[in-house]
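The block underneath contains the structure these notes are about, expressed in structure tokens.
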Amino acid sequence: MARILITSAIPYINGIKHLGNLVGSQLPADLFARYMRARGHEVMFICATDEHGTPAELAAAKAGKPVDEYCAEMHAVQAELARGFRLSFDHFGRSSSPQNHALTQHFARRLGENGLIDVVTEKQIYSVADGRFLPDRYVEGTCPNCGYERARGDQCENCTKQLEPTDLIEPRSAISGSTELEMRETRHLYLRQSRLRDRLDAWIDSKTDWPVLTTSIAKKWLHDGDGLQDRGITRDLDWGVPAQFPGAPWEGMEGKVFYVWFDAPIEYIAATWEWADAHGLSEKDWHRWWRTDKGADDVRYVQFMGKDNVPFHTLSFPATIMGSGEPWKLVDYIKSFNYLNYDGGQFSTSQGRGVFMDQALSILPADYWRWWLLSHAPENSDSEFTWENFQASVNKDLADVLGNFVSRVTKFCRSRFGEEVPAGGSFGPEEEALIERLRALLGAYEGFMENMEIRKAAGELRAMWVAGNEYLQAAAPWAVFKTDPERAAAIIRLSLNLIRLYAVVSAPFVPDTSERMLAAMRSDDDSWPEDPARALAALPPGHGFTVPDMLFRKITDEEREEWQQRFAGRRD
RNA sequence: GGGCCUGUAGCUCAAUUGGUUAGAGCAGAGCGCUCAUAACGCUUUGGUUGGGGGUUCGAGUCCCUCCGGGCCUACCA
């Protein structure tokens, strides 16, 4: 039994996430976690909300609430949606937790003591009306290059020219519109990650099995221009982990907090600590996942994230860990995803474009979304959600191939033999062929799941469902029954067992349906079918079952059109 | 501007890393079955692999170039 630590990129707090966010980290991480648990491994699956930063403060202000209250509410909302999608986190933490405050300050102190933190004095734009320093992109003005009036301080969206906020003509605050801006001096902590460049470079080089998407981004940052740049890890904000604290090896950081990208990855560790606290466990219980000197040396650590998160997970966070000089667990494998687009454009939180997690669940059960999203995960390139494709895939794969198989087998049995596994008859070459086919498909499925090749895994799973229909068609128990009921009994006995096997192997993709299938078979045996032949004998003759309600209803053309309309515009 | 990814059947994607005749699913067509959610099974149409050039005995795969799509470019997270 292996021990596997799984983290999903932590979703930002300022609103409900869309399906693109979901499929880019949390959902595939859940698939992997569920599969590894099903195979008997010890899994720690961690996620959290990322609660600090300017956007959180602004979102709270817009909602007219104190930021801590706002974050607590939004955390509860996101946690509820995570439950709705059956994301099986062992803990869903908060980056604002006391544990993360403590760990973030701990890492910062260690880095400071190891000479990896500089205090840098710099000038930044301060908005008097807003009472805060403005990140570059929160300064708007007219682009000096093309004259676009809503250019941002980091880049003009119109002509794509990169800008400094001071380049803008008639700059104003993007928050209030105030033009009362001034340059003020401020001091910040910088992580001297450039000093760790060679170590990071060698470490990345050693990760030959990582996706190109992951390593190429890391390499770019390591070698582009002057190489890896030092990075400011504090901000002039109120909401966050205070950068000045007792024992800090620097002074003068009062009123400043750590940059979210410094504290967010540390929350992976802190959330595991939160998990231990929540379960009345001790330090050693979470250290054994994270400290290689305290039991984590045999842990396999896998991270899931969208491609936009890659630099922070390949460079900044490892730099934090390496620079601490302490034996914290580094990531072993990073599974990164491209983006899911929505009907010809991008999903957009800020523009409210696409389908959001709460809306999705209000339309259809989680399994519909899980199946489509996972079987179309944007692994190799950006992929696209269209309602036509969603309708077609879900109806065909779930309703016709899987759902209908369960229906035809259980109903046939009920009408001919009653609601119990029929006895009699024996297996022949057709059964042998089916078992061999399943053995091959299952092996391929396991290989793809192990390697996190999600689409391919979905394809193999679907092929297992198809194999059942093929078998049934060839064996034709409805015809055989007329002349040889015993033989028909054997066919149906195998088919009923097939339903239980499907429930087990399909559980990582469609957990709710899997439960319903097991319940219908009145079985609590969800052990993995290491040997298909034996697994298909789990339900003995005479074992009672229930004909389940329709597992998946079909999406009608009318519904599809209505949803297409409803989600065409902006949210709210 | 620079870097990276990408373009394969109407749609969504494969192709063991340069090796026979480019494969699946869906959609379309035909046939079969009647247990089942008009579901299932079998057969089948469909491709100058974005265009052009090159290397090679051999190119979807490598090189050059052009065209299209996307991401990143370090103060959104």
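Just the heavy atoms: all of them, side chains too, but no hydrogens, waters or symmetry mates, feed the values below. Sequence lines set the chain letters: A, B, ... in the order given, protein chains first and strands last, and positions in each chain run from 1.
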Pairing nucleotide - [N], Watson-Crick or G-U, each distance under 3.5 Å:
N: B:U34; value: none
N: B:A29; value: B:U43
N: B:G1; value: B:U73
N: B:G7; value: B:C67
N: B:A15; value: none
N: B:A59; value: none

What is the distance, to the nearest angstrom, from the [atom1] atom on [X] to the [atom2] atom on [N]?
X: A:Phe262; N: B:C76; atom1: CZ; atom2: C1'; result: 19 Å
X: A:Arg462; N: B:C40; atom1: CZ; atom2: C1'; result: 12 Å
X: A:Gln124; N: B:C76; atom1: CD; atom2: P; result: 11 Å
X: A:Phe448; N: B:C13; atom1: CZ; atom2: P; result: 17 Å
X: A:Asn341; N: B:G70; atom1: CG; atom2: C1'; result: 8 Å
X: A:Asn469; N: B:C35; atom1: CG; atom2: C1'; result: 11 Å
X: A:Lys307; N: B:C5; atom1: NZ; atom2: C1'; result: 7 Å
X: A:Asn21; N: B:C76; atom1: CG; atom2: C1'; result: 13 Å

Counting any heavy atom closer than 4.0 Å, what does [X] reach on the DNA or RNA strands: base, sugar-phosphate only, or nothing?
X: A:Gly403; result: base
X: A:Gly227; result: base
X: A:Asn14; result: nothing
X: A:Glu379; result: nothing
X: A:Leu551; result: base
X: A:Phe552; result: base
X: A:Val310; result: nothing
X: A:Pro477; result: nothing

I want to know whether [X] and [Y] have ring centres closer than 6.0 Å.
X: A:Phe133; Y: A:Tyr126; result: yes
X: A:Tyr268; Y: A:His313; result: yes
X: A:Trp369; Y: A:Phe390; result: yes
X: A:Tyr259; Y: A:His188; result: no

Less than 4.0 angstrom between a side-chain N/O of [X] and OP1 or OP2 of [N], yes or no?
X: A:Tyr471; N: B:C40; result: no
X: A:Lys17; N: B:A77; result: no
X: A:Lys396; N: B:C40; result: yes
X: A:Arg414; N: B:A36; result: no
X: A:Tyr339; N: B:U6; result: no
X: A:Lys554; N: B:A39; result: yes
X: A:Lys411; N: B:U37; result: yes

Taking the side chain of [X] as its heavy atoms from C-beta onward, which of [options] lies nearest to it?
X: A:Asp400; options: B:C40, B:C35, B:A77; result: B:C40
X: A:Arg235; options: B:C75, B:C33, B:A77; result: B:C75
X: A:Arg408; options: B:U34, B:G41, B:A36; result: B:A36
X: A:Ala399; options: B:C35, B:U37, B:A77; result: B:U37
X: A:Pro135; options: B:G41, B:G3, B:C75; result: B:C75

### Message
Ignoring hydrogens and geometry beyond distance, is the side chain of A:Asn404 in donor-acceptor contact with the base of B:A36 at under 3.5 Å?
### Response
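Present.
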#### Entry: Base B:A74 to side chain A:Trp221, donor-acceptor N/O within 3.5 Å cut-off
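Answer no: no donor N or O sits under 3.5 Å from an acceptor.
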#### Entry: Which residues share a ring pair (Phe, Tyr, Trp, His ring centres under 6.0 Å) with A:Tyr471, sequence neighbours left out
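In terms of ring pair (Phe, Tyr, Trp, His ring centres under 6.0 Å), with neighbours along the sequence ignored, A:Tyr471 is linked to no residue.
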### Query
Between A:Lys335 and A:Glu379, does at least one N-O distance fall below 4.0 Å, as a salt bridge requires?
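Between A:Glu379 and A:Lys335 there is a salt bridge, with a charged N closer than 4.0 Å to a carboxylate O.
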### Query
Is any side-chain N of the basic residue among A:Asp400 and A:Lys554 closer than 4.0 Å to the acidic one's carboxylate O?
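Answer for the salt bridge query: yes.
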### Task
Kindly indicate whether a cation-pi arrangement holds for A:Lys307 with A:Phe337, taking the cut-offs as under 6.0 Å to the six-membered ring centre and within 45° of the axis.
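Judged by the rule (NZ or CZ under 6.0 Å from the ring centre, within 45° of its axis), A:Lys307 is not positioned above A:Phe337.
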### Query
Going by atom types only, do A:Asn389 and A:Ser393 share a side-chain donor-acceptor pair under 3.5 Å?
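On atom types as modelled, these side chains qualify, holding a pair under 3.5 Å.
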### Message
Under a 3.5 Å cutoff, is there a donor and acceptor pairing between the side chains of A:Thr186 and A:Lys256?
### Response
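Yes, a side-chain donor-acceptor pair sits under 3.5 Å.
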### Query
Using the purine O4'-C1'-N9-C4 or pyrimidine O4'-C1'-N1-C2 torsion, is B:U17 syn (within 90° of 0) or anti?
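Base orientation: syn.
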### Message
Please compare A:Glu470 and A:Asp397 by the position of their nearest nucleotide in RNA chain B and report the one closer to 5'.
### Response
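Nearest nucleotide further toward 5': that of A:Asp397.
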### Query
Which sits closer to the 5' end of RNA chain B, A:Thr54 or A:Lys456, going by the nucleotide each is nearest to?
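It is A:Lys456 whose nearest nucleotide is closer to the 5' end.
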What nitrogen or oxygen pairs link the protein and nucleotides 10-12 of chain B at under 3.5 Å?
{"from": "B:U12", "atom 1": "O4'", "to": "A:Asn389", "atom 2": "ND2", "distance (Å)": "3.4"}

### Query
Is A:Trp478 stacked on the base of B:C35, with ring centres under 5.5 Å apart and planes under 30° apart?
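Taking the rule of under 5.5 Å and under 30°, the ring of A:Trp478 does stack on B:C35.
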### Query
Parallel under 30°, tilted from 30 to 60°, perpendicular over 60°: which one fits the rings of A:Trp465 and A:Trp371?
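A:Trp465 vs A:Trp371 ring planes: tilted.
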